[in-house]
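Report on one structure; see the data block that follows.
Residue numbers start at 1 and run along the sequence shown. Heavy-atom basis, side chains included; hydrogens, waters and symmetry copies ignored.
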Amino acid sequence: MFKIIFCTLSVLCLTACGLEKYKSSDLPASARLESVKVGDTKDKVLRVLGTPNYESNPAEGVGDILFYAQAKKESRLFLDPKLVERDIYVYTFKNDKVQDIQHLTLEDAQKVPYESDTTKIGGKELSVLQQLAENFGRYNAGGNDSTTRR
């Protein structure tokens, strides 16, 4: 009996450790992506490929840019998902005609320099003790609004 319970629990634990796959967005079919050529109009691209994941606002001297993207991630156990595949198609327009088409993959992302500087947001920075002291007495089990003090 003990062996059956042990085997059952082992199987359940091992299946919990399984690989989970995530997919964000869907790219249009490869035949559709290949049918768009340099020189096609923006209307044709939108008609063939559909709504893009992102569309840039044109700036002075720069035309519209459409992005079609897809990413696949995998996760094991409680670990954060790991990006395993990325495809981004970038369509650059000038005068409403496709000027350039780029296909970027996960390997291309490694070539982009990452800027780690951050901008501080104004406001109070409280230590843990200050946060505890400030929140003392705000929480009650009475169901009242926790932001009001008694």
Could you tell me which non-hydrogen atom of [X] sits nearest to which non-hydrogen atom of [Y], and how far apart they are?
X   : Y    : result
L83 : K73  : CD1-CG, 3.9 Å
I65 : V90  : CG2-CG1, 3.6 Å
E85 : L106 : N-CD2, 4.1 Å
L49 : P28  : O-CG, 3.5 Å
P81 : S75  : CA-CB, 3.9 Å
V98 : V38  : O-CG1, 3.3 Å

Q99 CD to F93 CZ distance, which is reported to the nearest 0.5 Å: 10.5 Å

According to the side-chain hydrogen bond (donor to acceptor under 3.5 Å, both in side chains) rule, which pairs have a member within residues 32-43, sequence neighbours left out? D40-K44, K42-E55, K42-D64

Does one hydrophobic cluster hold both I101 and V48, with members joined at side-chain heavy-atom distances below 4.5 Å? yes

Using the side chain to side chain donor-acceptor pair (under 3.5 Å) criterion, which residues pair with D100? Sequence neighbours excluded. none

Step by step, would you call L46 with L66 a side-chain contact (heavy atoms from CB on, under 4.5 Å)? CA-CA 9 Å; L46 290 172; L66 301 180; 3.9 Å; yes

Do K72 and K23 make a side-chain contact, defined as non-hydrogen atoms from C-beta onward lying under 4.5 Å apart? yes

Return the orientation label for the Y68 and Y91 ring planes: parallel under 30°, perpendicular over 60°, tilted otherwise. perpendicular

Are the side chain of T105 and the backbone of D87 linked by a donor-acceptor contact shorter than 3.5 Å? no

